[in-house]
J.: 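Once you've had a glance at the structure underneath, I'll fire off some questions.
Note that the structure is a prediction, hence the values are computed from the model and not measured. When a residue number appears, it is its place in the shown sequence, counting from 1.
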Amino acid sequence: MILAACQAAATSGKLRHADVVELNPAFDVDSRTARTAARLIHTILSEAARTR
């Protein structure tokens with residue numbers, strides 16, 4: 001669901017800023033949060049670049 005929302009925002013042409021943060025790296029089991037954030041950033045940038 002979050003991935004679809006990021007794709008929709010990126011392809012809308014209205015996205016100007018995105019902020020992805022990791023709240024507490026000490027509790028990030030197996031870097032799951034970091035990998036998820038990287039995937040979301042990749043999706044946002046890829047979709048935004050495709051629409052330009």
J.: Closest approach of Cys6 and Ile44, non-hydrogen atoms and distance?
T.: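 Closest heavy-atom pair between Cys6 and Ile44: CB-CG1, 3.8 Å.
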J.: When rounded to the nearest 0.5 angstrom, what is the spacing between CD in Glu47 and CG in Leu15?
T.: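 Result: 11.5 Å between the selected atoms.
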J.: Compare every heavy atom of Ala10 with every heavy atom of Thr51, then report the nearest pair and how far apart it is.
T.: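 Heavy-atom minimum between the residues: OG1-O, 3.8 Å.
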J.: Is a side-chain N or O of Arg39 found less than 3.5 angstrom from the main chain of Ala34, in a donor-acceptor match?
T.: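 No; zero donor-acceptor contacts below 3.5 Å.
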J.: Is a side-chain N or O of Ser46 found less than 3.5 angstrom from the main chain of Thr43, in a donor-acceptor match?
T.: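 Checked: no pair found.
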J.: How many angstroms lie between CD in Gln7 and OG in Ser12, if you round to the nearest 0.5 Å?
T.: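 Going from the CD atom of Gln7 to the OG atom of Ser12 covers 12.5 Å.
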J.: Decide yes or no for Thr11 and Arg50: does some side-chain heavy atom of the first lie under 4.5 Å from some side-chain heavy atom of the second?
T.: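 Contact flag for Thr11/Arg50 side chains = no.
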J.: Backbone N or O of Asp28 within a donor-acceptor pair of the Asn24 side chain at under 3.5 Å?
T.: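 Checked: no pair found.
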J.: Are Leu45 and Leu40 in one and the same hydrophobic cluster, where Ile, Leu, Val, Met, Phe, Trp and Tyr link if side-chain heavy atoms are under 4.5 Å apart?
T.: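 No: no chain of side-chain contacts under 4.5 Å links Leu45 to Leu40.
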